[in-house]
Amino acid sequence: MNAVPPAKHPVPALDRKLKPLPKPPVRIVHLGLGAFHRSHQAWYTQQAPDAAEWGIAAFTGRRPDAAEALSRQDCLYTLIERSAGGDSFEVIGSIVEAVDGADVGRLCELLAAGQTAIVTLTITEAAYGLAADGTFDAGAPGVVEDLRTLAAAAAGEAGVPGTPLGRLVLALARRRDSGAGPIAVVSCDNLSANGEVARRAVLGLASAWGQDLAEWITANVSFVSTSVDRITPRTTESDIAEVAEQCGYSDNSPVVAEPFRNWVLSGGFPAGRPRWEEAGAVVVDDIEPYENRKLWLLNGAHSMLAYAGQLRGHATVADALADPACRKAVEDFWDEAARHLQAEGLDIPAYRQALLERFGNARIAHRLAQIAADATTKLRMRAVPALTAERAAGRSGSGSALMIAAWIDYVGATSDFQDPLAAGIHAANALEGNDRAEALLRLVSAALADDAEIVSMVGALCGSFAAPTAVSATTTHP
Ligand code: CS2
């Protein structure tokens, strides 16, 4: 990350002396310091008119690297806004502290402080320990250990939880003990009803501590649901070099994003919040229609392109969308999903058109491999709802089923995938034909896998996206 090519003139390192941005007090704690948090919630916070009162302390997930890199430059970084026409640069200063997620002591200290009003989360869909039916899974990876650790901690033993939500529960226990009062937890992960999901997961973990903590959380913690949107590809070495050249300083952690951004929130903030709505965020009573529109149309299309596109030999969203076979799969899926997005004001045709333009921005190299991760969790949000609704309406749902079939082919074609249910995928891969399709489908949805018609439809759709080279290779072997 630090290898900036030798510049003609020495470039100073980015810091607050170079960019004299105010350093607001920490009132927001964020879990999941990654590119998306920095292009989205940190940007909205900086743009809010009361930004000077709202600083963010952001904790990493598994590794300390991002916190160390940001800390070396006063937590400042450059947002590169990349449109089809060119790049613009903005230094973001709303993050004021970047912390290794393993530093649970600091997390507890911050949550025990009365001025901390909000905890935001971008911890990935897979980190909520959701079972296939959407309930909290006490047996999920990492959760079993955290339940044990939290029970021991409640009894006064040392030990810190390993998952972000386990750590949050420990810190909420400290907040209760300190009398710092109510707080809002704001999920910014791509899950339907993400506030409710966060509530279930936090209460599930807190039950290991004791009923008293679960009751305190119920009475004092507001779980806010949000729909978040801003395409943010991974930063590359050439982005780092571009900032050095264009801005004249060296930034080890720039972040790239498309010009588009959207944030819809629903829920209470008992200890206050920045005036994000004046930066363009939208506060609504009923978030479901917006959330479904974004999850099904944007994220669903992303997953379709991730699997179909890679099978067809493409590496980025823009490349895959330019392939008529992939584009058709996306449009067919959208036709199905759109039938179940009927709320007033959603303007689906305009939303679809805007997505085609956003996805087609070839200057954003959004890697399909990045989107392909954690499929079992993502497909439950992105393919299953439309498929289930289409079946209930007496139609085949084949446009949605194709997304699952493409994933089944993808995990058959590569072992280089990341998934919380990777062990189950490998076991299912040892089977053949419809047995394999059924076992894989079951990891996504038991209800769908119990329906023999759906299994055979998914099985029949497998093989839809052979790459041109693979097709010619197989035709030589009758
Ligand atoms: C993507 C999302 O990686 C993925 O699963 O679908 O990160 C997507 O880019 C964002 O939700 C856009 O707002």
Side-chain angles (χ1 to χ4, degrees), residues 32-44 61 79 81-82 120-128 130 187-192 194 225-235 255-265 280-282 287 290-310 314-321 326 329-330 333-334 337 351-352 354-386 403-404 406-407 410 417-420 444:
L33 171 55
F36 182 69
H37 170 64
R38 296 192 292 123
S39 77
H40 191 272
Q41 303 99 62
W43 180 88
Y44 277 94
L79 174 68
E81 201 172 281
R82 183 157 292 164
T120 49
L121 306 173
T122 53
I123 55 179
T124 79
E125 296 92 321
Y128 288 79
L130 278 182
S187 170
C188 302
D189 285 294
N190 290 317
L191 293 159
S192 35
N194 52 14
S225 279
T226 71
S227 172
V228 290
D229 195 1
R230 189 164 208 183
I231 290 170
T232 307
R234 216 164 266 159
T235 304
V255 62
V256 178
E258 62 172 340
F260 180 93
R261 65 242 154 193
N262 184 246
W263 197 7
V264 187
L265 302 104
V282 184
I287 198 166
Y290 300 94
E291 206 166 59
N292 288 346
R293 182 180 66 174
K294 194 265 172 173
L295 271 175
W296 299 354
L297 300 186
L298 187 150
N299 298 111
H302 259 175
S303 288
M304 183 73 89
L305 293 171
Y307 308 119
Q310 290 189 91
H314 306 300
T316 67
V317 170
D319 286 350
L321 191 72
C326 297
V330 166
F333 166 68
W334 279 349
Y351 191 85
R352 283 173 62 157
L355 283 184
L356 290 174
E357 279 156 30
R358 292 170 66 194
F359 289 175
N361 177 357
R363 297 192 67 249
I364 296 256
H366 198 185
R367 320 281 318 162
L368 296 172
Q370 180 184 342
I371 298 167
D374 296 341
T376 52
T377 314
K378 289 179 179 176
L379 290 171
R380 285 175 202 157
M381 314 289 156
R382 301 179 181 194
V384 173
M403 193 192 307
I404 301 178
W407 166 68
Y410 173 74
F417 56 81
Q418 178 194 312
D419 198 286
V444 176

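Predicted model, so just to flag it, every value in this text is computed and none were measured. Just the heavy atoms: all of them, side chains too, but no hydrogens, waters or symmetry mates, feed the values below. Just so you know, ligand 1 is whichever comes first in the structure, and atom 1 is the first atom listed for that ligand.
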### Message
Considering non-hydrogen atoms of the protein only, which is the closest contact for atom 6 (O) of ligand 1, and what is the distance?
### Response
His302 ND1, 2.8 Å

### Message
Check the orientation of His40 and Phe36. Use parallel for under 30°, tilted for 30 to 60°, and perpendicular for over 60°.
### Response
parallel

### Query
Out of curiosity, is Glu125 lining ligand 1, as in a heavy atom under 4.0 Å away?
no

### Query
Do any heavy atoms of Arg382 fall under 4.0 Å from ligand 1?
yes

### Task
Measure the distance from atom 2 (C) of ligand 1 to every protein heavy atom, then report the residue, atom name and distance (to 0.1 Å) of the closest one.
Asn299 ND2, 3.5 Å

### Message
I need the single residue from Asn190, Leu297, Val317 that forms a side-chain contact (heavy atoms from CB on, under 4.5 Å) with His302. Which is it?
### Response
Val317

### Query
For ligand 1, is there an atom lying under 4.0 Å from some heavy atom of His40?
no

#### Entry: For Lys378, the ligand 1 atoms whose distance to one of its heavy atoms is below 4.0 Å
3 (O), 4 (C), 5 (O)

### Task
Output the list of atoms in ligand 1 that are nearer than 4.0 Å to some heavy atom of Arg230, sorted by atom number.
12 (C), 13 (O)

#### Entry: Ligand-residue contact atoms, ligand 1 with His366, heavy atoms, under 4.0 Å
9 (O)

### Qualifying residues under salt bridge (Lys or Arg N to Asp or Glu O under 4.0 Å), relative to Arg230, sequence neighbours excluded
Glu81

### Task
Give, for atom CG of Asn292 and atom OG of Ser227, the distance between the pair rounded to the nearest 0.5 Å.
9.0 Å

### Query
Considering only the protein, which heavy-atom contact is closest to atom 13 (O) of ligand 1, and what is its distance?
Asp229 OD1, 2.6 Å

### Task
Apply the side-chain contact (heavy atoms from CB on, under 4.5 Å) test between Ser192 and each candidate in Arg380, Glu291, Arg382, Lys294; give the one that qualifies.
Glu291

#### Entry: Tyr290 atom OH, neighbour heavy-atom count above 12 within 6.0 Å
no

### Task
Quick one: pull up CG in Asp419 and OG1 in Thr376 and give me the separation to the nearest 0.5 Å.
3.5 Å

### Query
Closest non-hydrogen protein atom to atom 7 (O) of ligand 1, residue and atom name please, with distance?
Asn190 ND2, 4.1 Å

### Message
So, using side-chain contact (heavy atoms from CB on, under 4.5 Å) as the criterion, who are the partners of Arg367 when residues are at least two apart?
### Response
Ala315, Thr316, Gln370

### Task
List the closest protein heavy-atom neighbour of atom 10 (C) of ligand 1: residue, atom name, distance to the nearest 0.1 Å.
Lys294 NZ, 3.7 Å

